[in-house]
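Here the structure comes first, spelled out in structure tokens, and everything after it is commentary.
Residues take their numbers from the sequence shown, with the count starting at 1. Note that the coordinates shown come from a computational prediction; the quantities given were computed from them, not determined experimentally.
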Amino acid sequence: MSSELRPDGNASYLRKRSVGAIELQDSHGRRNTVQIEDLSKADRALAEQFGYKPVFRREFGYLSTFSFAVSISGLFATISTTFSYPLFAGGASSAVWCWAISGVGCMCIAASVAELVSAYPTSGGLYYTISRLISPKWVPSVSWVVGWLNLLGQVAGVASSEYGSAQLLLAAVSLGSGQIQTADGASFNYVATTGQIIGVMAGLTVICGLINSLSTYWMEKVTKTYVIFHVLVLVTCAIALLAKTPKENRHDAGYAFGDVNSTSGWTPVGWAWLFGFLSVSWTMTDYDATAHIAEEISEPEKKAPWAIFLAMLFTYVTGFLFNIVLVFVMGDPADLDNALEQPVAQIYFNSLGPAGGVVYTVCAFIILQFVCFTATQALGRTVFAFSRDRLLPFPNVWTRVNKFTGIPLYAVWLSVLCCILINLIGLGSYAAISGVFNVTAIALDWSYCIPIFCKILSKSFTPGPFNMGKWGLFVNAWACIWTFFVTIIFILPTERPVSGDTMNYAIAFLALILIFALIYWWAGGRKFYKGPLVEAQLLEEEAAEESDSSAREKQSTT
């Protein structure tokens, strides 16, 4: 039998190996024994190093983990729903060069996130790392802010993806309805209303919740097939567009790489051109989603970080190339700004005809639904992990794991409800729902960069198998600098003059969640929340509560 005392932020863990058990001890000397005879090597490491009791089955391997990480970006579909930002803000060159420039900053964030995930592979993601990187006295307040930012970003990400998914599905219906000539030009026999989009969105979100009610075993099977389908759709679509686009809709390299044309109303045009960064940042984000299923991955300290890094590299390179294809074949941008409100779907229609347009728009819809499936899975696990640490109200409800499926069902359906509710604001204003797209990248990237900045300042960081060595400091620093820079752009309106219909409501969403978190903190959070807690502490607290309850009952009986 051997023992080791390990210092770590809030507590020190006494790891004692004996027959079938691991003993955990916190800074107050309280101990709890975890039985390990039925635990895998990864689960045993989780219990030893981080103090969390394993509750999920580790079903994800290399392919399914990589596929999960790729699915979070949903490249083919997310470009379809965000291509309008660079196109109308700065022209063809904005779509191409903003992707190339911003992608470097996003890759720095991805590599930095992967490095932290390798060192601390738990369902809490980067939120958990705060407890290992800064002084214990700052852990509660800083992790509280990071946790709520991450939660806002994930809810907004799933909500905006479901909204975009509904738009794509109904756009496919419009393309199949046939064109008619109106006083304003060509239109379609059917064009979806905002109310119809919201209704379809709600139905799709419920279906997503049902899929996520399945066990990890089935989720792994569903996820594994995704990356193959995505690559096939991406490659065949690019080839078809280049081969079938009529000559009158083609552009040359000078136009594709050099056209600067803004209809946003901003001056100078160079400033408007920068709004093209939004498409990249919304696509290449949610890097730590894979971390939130770390407790369902075998050898997560190796597979999760490599999946994050390689998936984002794949998204960066193929996204850059696919944007080039789109600007070469898109024809006159003015013809893409119509009632359909889906420029890429219109490109498919113009280049490939009604049948091709419907097929690839439906493919984009399916891919975006995969994004929603995996993002909801990550969000449900985040709600579980945050509740495990007492960050959310009614934590005992959201940490309940269903005995049949082995997943936190209540956490999943809370996630579904929040995503539907946040999208209901679209009934009042499309501009408000656009703010959901904008706030996704802001909230998520700041929930990553705060831990990354803490890692830069930390003297106790112990890297995992995935680490950048001497390059780590530069990459971490650039990730933080880039996030600060693009945040300034993302909180500004993308159109001028500014009115209720063109206002960027991202800052309002961000302020709302931060104000709520601040009120909740002062109302009671600061009294009961101590930062990411170890399972041993939670079990002891529950045992103490049960003991006190029993004592009170005996006293009452007496």
Note, T236 side chain near Y360 side chain (heavy atom, < 4.5 Å): yes

Straight-line distance of I367 CD1 to T78 OG1, nearest 0.5 Å: 9.0 Å

Which word best sums up how the rings of W97 and F320 line up, parallel for under 30°, tilted for 30 to 60°, or perpendicular for over 60°? tilted

Atom pairs and distances, side-chain donor-acceptor, residues 413-421, under 3.5 Å, sequence neighbours left out:
unit_1: W413; atom_1: NE1; unit_2: S213; atom_2: OG; d: 3.1
unit_1: S415; atom_1: OG; unit_2: A411; atom_2: O; d: 2.8

Does anything in residues 312-325 form a side-chain hydrogen bond (donor to acceptor under 3.5 Å, both in side chains)? List the pairs, not counting sequence neighbours. S73-T315

Should the pair F466 and W306 be assigned to parallel (<30°), tilted (30 to 60°) or perpendicular (>60°) ring geometry? perpendicular

Is a donor on one side and an acceptor on the other found under 3.5 Å between the side chain of S160 and the backbone of G157? yes

When every non-hydrogen atom of F365 is compared with those of L168, the smallest separation belongs to N-CD1, 4.0 Å

C363 side, atom SG; F229 side, atom CZ - distance, nearest 0.5 Å: 4.5 Å

Evaluate Y348 against L241 for side-chain contact (heavy atoms from CB on, under 4.5 Å), listing each step before the verdict. CA-CA 8 Å; Y348 298 154; L241 288 173; 4.0 Å; yes

Tell me if the centroids of the rings in Y226 and F370 come within less than 6.0 Å of each other. yes

Do L326 and V344 touch side chain to side chain, with heavy atoms closer than 4.5 Å? yes

Verify whether the ring centers belonging to F188 and F349 lie closer than 6.0 Å. yes

Would you indicate whether the side-chain heavy atoms of L274 and W271 approach each other to under 4.5 Å? yes

Quick check: does any side chain N or O of N504 sit under 3.5 Å from a backbone N or O of F490, one acting as donor and the other as acceptor? yes

Parallel under 30°, tilted from 30 to 60°, perpendicular over 60°: which one fits the rings of F314 and H230? perpendicular

Measuring from D445:CG to I109:CD1, what's the distance to the nearest 0.5 Å? 4.0 Å

Test log, rule side-chain contact (heavy atoms from CB on, under 4.5 Å), inputs T81 and W282: CA-CA 10 Å; T81 56; W282 194 77; 3.6 Å; yes

Nearest heavy-atom approach of H251 to V327 is CD2-O, 3.3 Å

Would you say OH of Y505 has more than 12 non-hydrogen atoms from neighbouring residues, nucleotides or ligands within 6.0 angstrom? yes

Are any side-chain N or O atoms of N423 and backbone N or O atoms of A159, one a donor and one an acceptor, separated by less than 3.5 Å? yes

What closest approach, in Å, do V158 and C372 show between heavy atoms, and which atom pair accounts for it? O-SG, 4.5 Å

Taking Q154 for its side chain and L151 for its backbone only, find out whether a donor-acceptor pair lies under 3.5 Å. no

Can you check whether T405's main-chain N or O pairs, donor with acceptor, with N402's side chain at less than 3.5 Å? yes

Test log, rule side chain to side chain donor-acceptor pair (under 3.5 Å), inputs N189 and S177: CA-CA 6 Å; N189 285 307; S177 69; 4.8 Å; no

Check whether N212 reaches the backbone of Q377 with its side chain - one donor and one acceptor, N or O, closer than 3.5 Å. yes

For T376 and C208 the tightest heavy-atom approach is OG1-SG, 3.2 Å

Using a 3.5 Å distance criterion without hydrogens, assess whether the side chain of W266 forms a donor-acceptor pair with backbone atoms of P493. yes

Could you tell me if the ring centre of W99 sits under 6.0 Å from that of F277? no

Heavy atoms only: give me the nearest V117-A304 pair and the separation to one decimal. CG1-CB, 3.9 Å

To the nearest 0.5 angstrom, please state how far the CG atom of L512 sits from the CG atom of L152. 8.5 Å

List the atom of M284, the atom of G103, and the distance in Å for their closest heavy-atom pair. CE-O, 4.1 Å

Quick check for you: to the nearest 0.5 Å, what is the distance between T193 atom OG1 and L427 atom CG? 9.5 Å

Side-chain contact test, heavy atoms from C-beta onward, threshold under 4.5 Å: evaluate it for Q342 versus F83 and give yes or no. no

I'd like to know whether T205 forms a side-chain contact (heavy atoms from CB on, under 4.5 Å) with Y163, so could you lay out the CA-CA distance, the side-chain angles of the two residues, the decisive distance to 0.1 Å, and finally the verdict. CA-CA 9 Å; T205 308; Y163 192 91; over 6 Å; no

Go through it in stages, so that I can follow the logic: the residues are S262 and W273, the test is side chain to side chain donor-acceptor pair (under 3.5 Å), and I'd like the CA-CA distance, side-chain angles, deciding distance and then a yes or no. CA-CA 7 Å; S262 175; W273 190 87; over 6 Å; no

Would you check if the side chain of T245 reaches a backbone N or O of L242 as a donor-acceptor pair within less than 3.5 Å? no

Examine distances only and state if a side-chain atom of S174 and a backbone atom of Y190 form a donor-acceptor pair shorter than 3.5 Å. yes

Atom CG of L204 and atom CG of L169: how far apart are they, to the nearest 0.5 Å? 6.5 Å

So, do L510 and L149 sit near enough that their side-chain heavy atoms are less than 4.5 Å apart? yes

With a 4.5 Å cut-off on side-chain heavy atoms, are L514 and W148 touching? no

Would you say the side-chain atoms of S165 pair up with the backbone N or O of S161, donor to acceptor, closer than 3.5 Å? no

Take D252 and Y255 through the test side-chain contact (heavy atoms from CB on, under 4.5 Å) and record every step on the way to the result. CA-CA 6 Å; D252 57 21; Y255 178 88; 3.4 Å; yes

For the residue pair M330 and N249, establish whether any side-chain heavy-atom pair is separated by less than 4.5 Å. no

Indicate yes or no: at least one non-hydrogen side-chain atom of S94 is less than 4.5 angstrom from one of V260. no

